[in-house]
Amino acid sequence: MAFQRRRNHYYHRFRFLIPFISSIFGGLLLFFALLSFLAPSPNVSDHTHRIPPVQFNAASDKAIGVSHFRVPRNGARSGRDLWTSRNAKFYSGCSNASNKFRKANAITHPNRYLLIATSGGLNQQRTGITDAVVAARILNATLIVPKLDQKSFWKDSSNFSEIFNVNWFISFLSKDVNIIHQLPKRGRKTWNAHSMRVPRKCSERCYQNRVLPVLLKRHAIQLSKFDYRLANKLETDLQKLRCRVNYHALKFTDSIEKMGEKLVHRMRARSKHYIALHLRFEPDMLAFSGCYYGGGEKERRELGKIRRRWKTLHQVSNPEKERRHGKCPLTPEEVGLMLRALGYGQDVHIYVASGEVYGGEETLAPLKALFPNFYSKETIASKQELENFSSYSSRMAALDFIVCDESDVFVTNNNGNMARILAGRRRYFGHKPTIRPNAKKLYRLFTNRANMTWGAFSSRVRTYQRGFMGEPNEMRPGRGEFHENPSPCICEEARFHVKSDLGPRKNDTTRRRDEAAMVGDDQNNDYEPEWPDSEEEEEQVEFQDKDPFNTSVEYEGGNSEEPNLELEEILSD
């Protein structure tokens with residue numbers, strides 16, 4: 001009974017609290033219902049929070065941004081020279097052969113002829129030509145002037161002599177490799193070259209074991225799809241030969257050189273300094289990357305349609321993940337914000353090397369608002385001047401190559417062939433600044449910029465970009481792809497006391513004439529160790545693993561089947 005009385009006592013006590021508690025919960029429910037009613041409805045087709053582009057107030061020195069993120073018209077104070085690399089004066093290109101590197105006439109065997117068929121766009125073919133000279137040297141063979149790819153995606157009918165100065169190419173390399181225009185006659189008949197393909201990243205020993213026996217039997221062989229068919233790591237003298245080919249022997253034809261120099265002169269007439277930007281924001285690049293930029297169902301439909309052209313590409317289930325991992329090009333607006341944070345003001349002149357930009361003028365508008373002095377070869381040259389080039393993709397690419405090479409600062413938005421070759425070339429010729437966005441670190445910064453002050457944003461950009469600005473010793477020797485980091489061909493003057501015959505890069509015309517001269521006395525003749533190489537299976541670089549937006553990848557690849565070559569050709573340049 002006592003227990004029953006206590007239970008009734010507690011029941012009567014809490015009975016009066018129940019209506020009070022119910023009223024509180026009811027009020028909370030009404031409050032949250034009101035909030036949900038007033039809040040803007042989400043756009044189910046747009047999973048990315050898109051921050052409106054920055055707008056400028058012409059009457060003010062400040063930009064009117066979103067929240068308290070205000071972009072100044074002038075560049076942030078970076079505390080460094082924006083147009084030169086620190087300590088660059090202590091480094092110079094040094095690609096002379098050592099004394100033990102025998103002359104071509106002493107090592108070339110008769111009745112050994114090597115032909116190669118290149119693959120891809122201009123810059124991918126350039127790597128193939130460079131490596132073909134070294135392959136001929138390894139085989140002690142005579143090289144036939146390389147055949148350019150005329151059937152791939154680019155569909156450029158130009159031959160070697162219409163892009164490069166063929167006579168200069170042959171004469172400059174005459175002490176290293178014997179090169180002739182075409183196969184000689186065999187009695188009254190022409191040699192019938194045997195066609196074969198070598199593995200990707202084939203080493204010196206690989207060529208001697210796989211190719212030389214066939215060459216000894218057939219006397220003339222043609223290596224097809226010749227791109228990245230030579231190992232990244234070779235002995236030092238062969239690496240230096242690569243540099244002599246790429247940086248001295250491969251000169252464009254006079255007509256291309258003259259038009260390129262004219263474009264450079266027009267940029268210089270507008271401003272003492274200029275930035276060249278390889279934007280790479282074309283629809284095919286974005287479709288391949290599988291990234292999402294907040295364009296809703298329209299973007300997904302358009303890029304998905306392009307992506308379905310290649311059956312080997314997997315479907316991307318989480319596009320945001322690709323951006324978080326730094327595997328996507330920055331948007332034009334993001335490139336502009338990065339440059340402003342690095343210290344480049346609104347008065348800076350920018351030359352853009354790019355194909356069709358996805359989204360057209362609407363996509364470019366934020367970049368042009370940040371940098372209104374915005375040019376391309378089409379805007380600084382007339383249609384008549386470009387008439388002999390515009391129908392040929394490689395010749396147009398060569399013009400962009402020259403203007404980008406001569407720029408004070410080169411900005412790349414991916415890590416394709418043009419970006420890598422120019423990065424290596426600019427290291428070799430004086431370490432001119434080459435900016436590669438640290439996309440993985442910058443992604444979160446761009447996403448959260450509405451919640452930051454400009455000072456905090458710009459400070460973090462400068463921090464994240466350390467090691468991505470083209471300074472000497474940013475990449476360890478041997479790291480990355482050789483054409484991007486030709487470390488065996490770069491000497492430190494303080495240690496080796498190397499003097500460059502080229503002198504400073506005074507201006508475009510003078511420097512290009514002086515490339516005929518060889519660089520410095522080579523006092524760094526140590527051989528690199530021979531690296532192990534798989535000879536039984538084809539070594540291949542799967543294009544999806546190349547990570548074209550992250551330059552820290554080693555391009556050593558694994559043993560596998562050939563990649564999607566057409567896709568690689570489209571995206572590589």
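We use all heavy atoms of the structure for the numbers below, so side chains are in, but hydrogens, waters and symmetry mates are not. In this chain, residues are counted from 1 in sequence order.
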Test side-chain contact (heavy atoms from CB on, under 4.5 Å) applied to L277 and V335, step by step: CA-CA 9 Å; L277 168 60; V335 172; 3.9 Å; yes
Side chains of [X] and [Y] in contact at under 4.5 Å (non-hydrogen atoms):
| X | Y | answer |
| --- | --- | --- |
| F468 | K441 | no |
| L122 | M418 | no |
| T127 | I421 | yes |
| N415 | E484 | yes |
| Y358 | M285 | no |
| S376 | S354 | no |
| R242 | P486 | no |
| F482 | L234 | no |

Qualifying residues under side-chain hydrogen bond (donor to acceptor under 3.5 Å, both in side chains), relative to E361, sequence neighbours excluded: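 If we apply the side-chain hydrogen bond (donor to acceptor under 3.5 Å, both in side chains) test to E361, skipping adjacent residues, the hits are K368.
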Go through K383 and E385 one step at a time and tell me if the salt bridge (Lys or Arg N to Asp or Glu O under 4.0 Å) criterion holds. CA-CA 5 Å; K383 287 185 178 180; E385 288 176 309; over 6 Å; no
Distance-only donor-acceptor hits, side chain of residues 169-179, under 3.5 Å, sequence neighbours excluded:
| residue | atom | partner | partner atom | Å |
| --- | --- | --- | --- | --- |
| S171 | OG | N167 | O | 3.1 |
| S171 | OG | W168 | O | 3.2 |
| S174 | OG | S171 | O | 2.9 |
| D176 | OD1 | R244 | NH2 | 3.1 |
| D176 | OD2 | R244 | NE | 3.3 |
| N178 | ND2 | T142 | OG1 | 3.0 |

Ignoring hydrogens and geometry beyond distance, is a side-chain donor-acceptor pair present between R462 and Q465 at under 3.5 Å?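 The criterion, which ignores hydrogens and geometry beyond distance, is not satisfied for Q465 and R462.
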Using a distance-only test with no angle check, is there a side-chain donor-acceptor pair under 3.5 angstrom linking H248 and Y428?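 There is such a pair (donor and acceptor under 3.5 Å, judged by atom type) between the side chains of H248 and Y428.
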Is a donor on one side and an acceptor on the other found under 3.5 Å between the side chain of [X] and the backbone of [Y]?
| X | Y | answer |
| --- | --- | --- |
| K201 | N232 | no |
| R395 | S390 | no |
| R126 | L250 | yes |
| N165 | D254 | no |
| N123 | N417 | no |
| E471 | R86 | yes |
| N438 | Y464 | yes |
| K240 | P488 | yes |
| R229 | V198 | yes |
| Q125 | G120 | yes |

Kindly compute the distance separating [atom1] ([X]) from [atom2] ([Y]), expressed to the nearest 0.5 Å.
| X | Y | atom1 | atom2 | answer |
| --- | --- | --- | --- | --- |
| I435 | F410 | CD1 | CZ | 10.5 Å |
| L370 | R73 | CG | CZ | 10.0 Å |
| R270 | N373 | CZ | CG | 9.5 Å |
| R340 | L367 | CZ | CG | 10.0 Å |
| E406 | F429 | CD | CZ | 10.0 Å |
| C328 | F288 | SG | CZ | 10.5 Å |

Do K432 and D408 meet the salt-bridge criterion of a basic N to acidic O distance under 4.0 Å?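 Answer for the salt bridge query: no.
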Between the side chains of R200 and D227, is the shortest nitrogen-to-carboxylate-oxygen separation below 4.0 Å, so that they form an ion pair?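 Looking at R200 together with D227, the answer is yes, because their closest N to O distance falls below 4.0 Å.
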In terms of the angle between their ring planes, are [X] and [Y] parallel, tilted or perpendicular, with boundaries placed at 30° and 60°?
| X | Y | answer |
| --- | --- | --- |
| Y91 | H431 | perpendicular |
| W83 | H273 | parallel |
| H349 | Y375 | parallel |

I need the minimum non-hydrogen distance between [X] and [Y], along with the two atoms involved.
| X | Y | answer |
| --- | --- | --- |
| Q346 | P372 | CG-CD, 3.4 Å |
| L82 | G343 | CD1-O, 3.1 Å |
| P283 | E356 | CD-O, 3.3 Å |
| A88 | G430 | CB-O, 3.4 Å |
| T84 | P433 | C-CG, 3.7 Å |
| L330 | P437 | CD1-CB, 3.6 Å |

Taking the two cysteines C491 and C94, do their sulfur (SG) atoms come closer than 2.5 angstrom to each other?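 Judged by the SG atoms alone, which are under 2.5 Å apart, C491 and C94 are bridged.
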Criterion side-chain contact (heavy atoms from CB on, under 4.5 Å) on V245 and L241, from CA distance to verdict: CA-CA 6 Å; V245 179; L241 176 56; 4.2 Å; yes
Give the C-alpha distance, both sets of side-chain angles, the deciding distance and a yes or no for side-chain contact (heavy atoms from CB on, under 4.5 Å) between Y351 and I380. CA-CA 10 Å; Y351 177 91; I380 58 175; 4.1 Å; yes
If you count every heavy atom of other residues, nucleotides or ligands that lies below 6.0 Å from R460 atom CZ, does the total exceed 12?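 No, because the 6.0 Å sphere around CZ of R460 holds 12 heavy atoms or fewer from other groups.
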Test side-chain contact (heavy atoms from CB on, under 4.5 Å) on I163 and Y392; report intermediate values, then the result. CA-CA 10 Å; I163 302 294; Y392 304 92; over 6 Å; no
